[in-house]
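Report on the structure given below.
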Amino acid sequence: MDFANLGAQLNAGTILPEGVVILTLLVILVGDLIVGRTSSRWTPYVAIAGLVGSLTALFYQWDISDPIGFLGGFNSDALSIVFRGIIALSAAVTIPMAIRYIEQSGTSLAEFLVILLTATLGGMFLAGADELVMIFVSLETLSISSYLLTGYMKRDPRSNEAALKYLLIGAASSAIFLYGVSLLYGLSGGETNLNAIASNIVAQGSEPPIGLVIALVFVIAGIAFKIAAVPFHQWTPDVYEGSPTPVVAFLSVGSKAAGFALAIRLLVTAFPLVADEWRFVFTALAVLSMVLGNVVALAQTSMKRMLAYSSIGQAGFVMIGLIVGTDAGYASMVFYMLVYLFMNLGGFTCVILFSLRTGTDQISEYSGLYQKDPLLTLGLSVCLLSLGGIPPLAGFFGKLYLFWAGWQAGAYGLVLVGLVTSVISIYYYIRVVKMMVVKEPQEMSDAVKNYPEVRWTLPGMRPLQVSLVLAVVATSLAGILSNPLFTLANNSVTNTPLLQSSVAMTQDAGAPVQLADAEINQ
Amino acid sequence: MESVELIYEYAWLIPVLPLLGATLVGIGLISYSKATNELRRLSAGFIVSLLGVAMVLSFALFWSQFQGHESYTKVIEWASAGDFRLTMGYTIDHLTALMLVIVTTVAFLVMVYTDGYMAHDPGYVRFYAYLSLFSSSMLGLVVSPNLLEIYIFWELVGMCSYLLIGFWYGRKPAADACQKAFVTNRVGDFGLLLGILALFWATGSFEFDVMGERLTDMVQSGGFSVAIASVIAILVFLGPVAKSAQFPLHVWLPDAMEGPTPISALIHAATMVAAGVFLIARMFPVFEGLPVAMDVIAWTGAFTAFMGATIAITQNDIKKGLAYSTMSQLGYMVMAMGAGAYGAGLFHLMTHAYFKAMLFLCSGSVIHGMEAVVGHDPVLAQDMRLMGGLRKYMPITAITFLIGTLAICGVPPFAGFWSKDEILGSAFAANPALWAVGWLTAGITAFYMFRMYFSTFEGAFRGTDESIKQQLKDENLQRLGLAFGPGAMNPQELTLDTETITTELHQSPGDHHHSETPHESPLSMVIPLMALAVPSLLIGLVGTPFANYFEEFIHAPGEAAAVALESTEAFDWSEFLLMAGSSVGIGLIGITLAVMMYLSKKIDPAAIAQKIQPLYQLSLNKWYIDDINEVVFVQGSRKLAKSVLEIDIRIVDGLVNLAGFVTLVSGEGLKYLENGRAQFYALIVFGAVLGLVLLSGLT
């Protein structure tokens, strides 16, 4: 059997975007082997080009007629495309901010890029995986590369510690996840395909077996570890503090997006019988995450730790969309992830920039920064205010949509918790902004007093500047001009058959009341 | 006709061009402040020429509309969610075309004038940037196709007005005045916003005609009570009440005269204050079917017209006098709208825009001339008691001011006569009582305008009379002393002394060149005056009752053009002569009184004032509205604020502090769960899994 035939049979075109990433990865790996250390001049751009190519491939897959590839192992429906796009984009934005950081630490850039691309690959496969083995393999690809990335600063003991902790806790949660998956395999009578599992379990009887609940909780433990939901979050602050900051940026966006994609697909497809149970468990996780993430963030003195807790809280907000399980709920998740990508990565870019120039990431050291570096101050302020949900920045519209979707679906308690905790979150975000902007010259911190002259000509600084400006522009404009993103998020949900069937199931007999048609004369 | 379509395609340039100018100069001011400030003429020329282009475009559009081109609307989708859609765009119809021409011409002339008036001001470039921003917002407001977009620009013009009133922010009265304007407008805008939301809730649309149609349908079919619909309409009307300085939200307009005079001419006479009338015109389909709302509008207008005129009688500050007169004339327009005379109201809007802008610019020219004698002190330079005889020194200003005065008094054939007569005629048809108020006001108007003209331009020059100067300074200091004196907090003085502080001048003391006589203003100032004199004289002729081109062009949306034509054909000479005769008659009586009191001095005004002391005080103290506001709203809200503050400190702060304390403590406490030991973390993971299994298994 020739390759073309095999490819057609497997519908291999569905993984074309991943193929592009693999090719890029190989080019960088081999190129670095041949050229040596000077390769760092071009490898990052190759990596970005590859990721952009992968995004283009994803774009052309939007209207694919047959999304199922590899005999049901991989699903390239609209939802997976959006999440794969978010993951690839987050990697593409992470690379420019990593160049200078890695160079300054004296380690090899090409290897870093290869591991990062591998993690991206794992995340992208995870977002489309429709089969238990595939899920586990891609989950581990993502996890193991993340461990490596975390420990990438070999000479820094904090980085080593972070990697070890991440590995241990990650291994423990993988074990639990795998156990849950094996239970699922057994309960369904030896099926690994998610759809088949669901139908087989349903066929066995109306009452869900108790084993299914156990499998559910075990699986959720694995997912919750990836999205850092409380109480599976404890690795987050330690790992975020110890790891290289670009890695943290990727983990907080790309890896989380993959986790959410997995959550939607696995829970909606394989556990329709225990939908109430998984909603309940996620409600608990969401409430805990929102409360604990935002409350503990108040007490942090390190910027990275603060952002770690803030990202836990943000994940809690996103879970609201998952829990309500309506069209608007899923669409608001996608929308928020898109917006979150820019504002969070923008925030991390600024943190990297500050720590590159001053060597610290203590919050108190930011005081008076406005007088020395207005661009950095502006960027960080915009991103933090957007994370806090201040209008008219993108984050506000994201939160608004999430809460609106939650309210529409009747999740009043959750939305109230979300509102209260997002008010708390505004406090710690604004504290940083105030620290930077309001302080008088004499209140300047030592780090800011000795602030080096702003120079963008150093190698690796230009990409950092570009990604900073890009993120700030996107964060400020995505709110006002949110319509394209909004349409994208809505279409990704309405074009996904799997979500449509689940929405139809969860909706009560009464169709949603349509507003009086606001026809507008053209 | 492709070129015509092209004008419509690019009509969005009209508001965008001034915005571009404001943005570029603004960016220049922010980033290269010094360099931009030195390029005075260049920045001004750039902004003025951009507006000139917008003006040419507006004229082209107006011409094409006049030729009968159908109205043109272009919208883009701004945001949509399900059935909810927001659109943004622009629309060009007869009303828009007319307003575009009015706004661009007045703005253009005012900008030219500004070059002379602000020549020595250090904020010259900033002033042009603001002016341009304002023009852009005002033009945007005029082309808006829906209520939501209008609201956005509505707020923008409000903000520009705030910036420009407080342009000399170093002067306390200016700073106070801009805040007053802003707060008063907020009250009205809040009503407007509520009205907009209620209309959207009721009709599901932001489009004017759709809103009107659906509301009327709903009221007629009984699905919606008339009372609620009227309340909504009155809420919407609150917006125009504040912006067009109608009673009881008129208090900001006189104080707004603290801004530079070109601003008073452009914003507070010709354009922004007319935005309220424009909004009523736009919302006419909504108001039309609600008689209660129409009555409220008409009577508010009538009352404001009367009150403004009575206050204007006793004002000594030339700009304040004009401000009250503006308020009164706006009252006329609103009254016309309320009486259903759509075309008449807009006609008066147009004529008033030209002659009032000219009057204000003249007053600026007078102040400019007076400053040469008495120095840059608004207390002295703007007070009419120090003027007199200026006609000899400033002939062009005097003649143009006289033209404006005749126009506003309604002397034929000046512009104001035709429009005012049309309003009075329609008011008579709607309700004779309305007409009576308007008619009386017309007489008072003629009196106070000629009082102003005579005391400024005729008689002997009093600018060098030290005793009057001293008296004015004393009065002013007395007000200040009262205002600052502890215990003697007389609230009326706080708002009265809007032209205070003699020491804080907006110009450097270096250019004090005291001379004995005032001088005529530079060319850049007189040319706009002369240019404006032409429409003040002639523009009324487009709307004569026997050949009413204006009415033909501008008619209420529901009304077909044919109806408007018919009404002009059914013109009755005897009725016209009767109406016009009575209004001209009372005008002449007013003028005669003014002549006797201020020109030939046959009657002593002070003696009359003594005789009718209560009425005189009522007028001088502006009907005590400011005092009532002070007692009821300012002090009332301060008291409320104080008691709320008490509650806030005791209970709310306590709660917040408690909440903050609890969160911080729990944050600190929860940190200890974060002890860095991996085996403990794993324990929690396993514990959590077990707990969740138990929880979800049990439920």
Side-chain angles (χ1 to χ4, degrees), chain A residues 161 164-169 171-173 176 180 210 213-214 216-218 220-221 224-225 230-232 234-235 237-238 274 276-278 280-281 284-285 291-292 294-300 305 309 328 401 404 424 427 480-483 486-487 490 512 514-522, chain B residues 73-87 89 145-146 200-210 213-214 659-660 662-671 673-699:
Chain A
E161 188 194 329
L164 189 60
K165 272 184 189 163
Y166 196 17
L167 174 66
L168 289 173
I169 311 293
S173 78
I176 298 174
I210 185 74
V213 176
I214 297 176
L216 171 76
V217 173
F218 282 19
I220 287 181
F225 167 77
V230 180
F232 303 96
Q234 263 143 330
W235 57 277
D238 290 358
V274 283
D276 288 341
E277 278 81 0
W278 74 252
F280 168 76
V281 171
L285 296 183
V291 171
L292 192 120
N294 287 315
V295 167
V296 180
L298 289 176
Q300 301 306 317
R305 270 187 101 86
Y309 279 106
Y401 193 22
W404 177 80
I424 296 179
Y427 172 75
I480 305 160
L481 306 173
S482 57
N483 219 20
F486 194 72
T487 320
N490 273 330
Q514 298 291 319
L515 292 167
D517 66 320
E519 80 175 41
I520 291 165
N521 285 14
Q522 293 292 336
Chain B
T73 304
K74 187 166 181 176
V75 289
I76 52 161
E77 198 153 279
W78 185 43
S80 74
D83 291 333
F84 175 74
R85 288 197 299 157
L86 289 182
T87 53
N146 60 48
F200 183 72
W201 163 72
T203 63
S205 170
F206 288 119
E207 316 285 306
F208 309 106
D209 36 358
V210 179
E213 215 171 275
R214 290 196 187 160
V662 167
T663 20
L664 278 179
V665 164
S666 51
E668 293 289 337
L670 287 169
K671 253 183 12 186
L673 287 178
E674 216 48 69
N675 57 5
R677 283 164 57 203
Q679 58 269 52
F680 180 66
Y681 292 176
L683 183 68
I684 288 193
V685 169
F686 289 119
V689 168
L690 196 62
L692 286 173
V693 167
L694 287 177
L695 264 177
S696 52
L698 289 177
T699 47

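Any value given below was found using the heavy atoms of this structure, including those in side chains, with hydrogens, waters and symmetry copies removed. Since the model is a prediction, treat every value here as computed from it, not as a measurement. The chains referred to below are lettered A, B, ... by the order of the sequence lines, with proteins before strands, and numbering in each begins at 1.
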**Asked** Roughly how far, to the nearest 0.5 Å, is the CG atom of B:L692 from the CH2 atom of A:W278?
**Response** 14.5 Å
**Item:** Contacts of type side chain to side chain contact (heavy atoms under 4.5 Å, CB included), residue A:K165, not counting sequence neighbours
**Value:** A:E161, A:D238, B:A678, B:Y681
**Request:** Select one option (side chain, backbone, both, neither) describing which atoms of A:L164 are under 4.5 Å from chain B's heavy atoms.
**Result:** neither
**Prompt:** With chain B, which of A:L216, A:V217, A:I214, A:L298 has the greatest number of heavy-atom pairs at distances under 4.5 Å?
**Reply:** A:V217
**Prompt:** Side chain, backbone, both or neither: which part of A:V213 has an atom under 4.5 Å from a heavy atom of chain B?
**Reply:** side chain
**Message:** Among residues at least two apart in sequence or on other chains, which ones pass side chain to side chain donor-acceptor pair (under 3.5 Å) with A:Y401?
**Reply:** A:N490
**Item:** Minimal non-hydrogen separation, A:F232 against B:V689, with atom names
**Value:** CE2-CG2, 3.8 Å
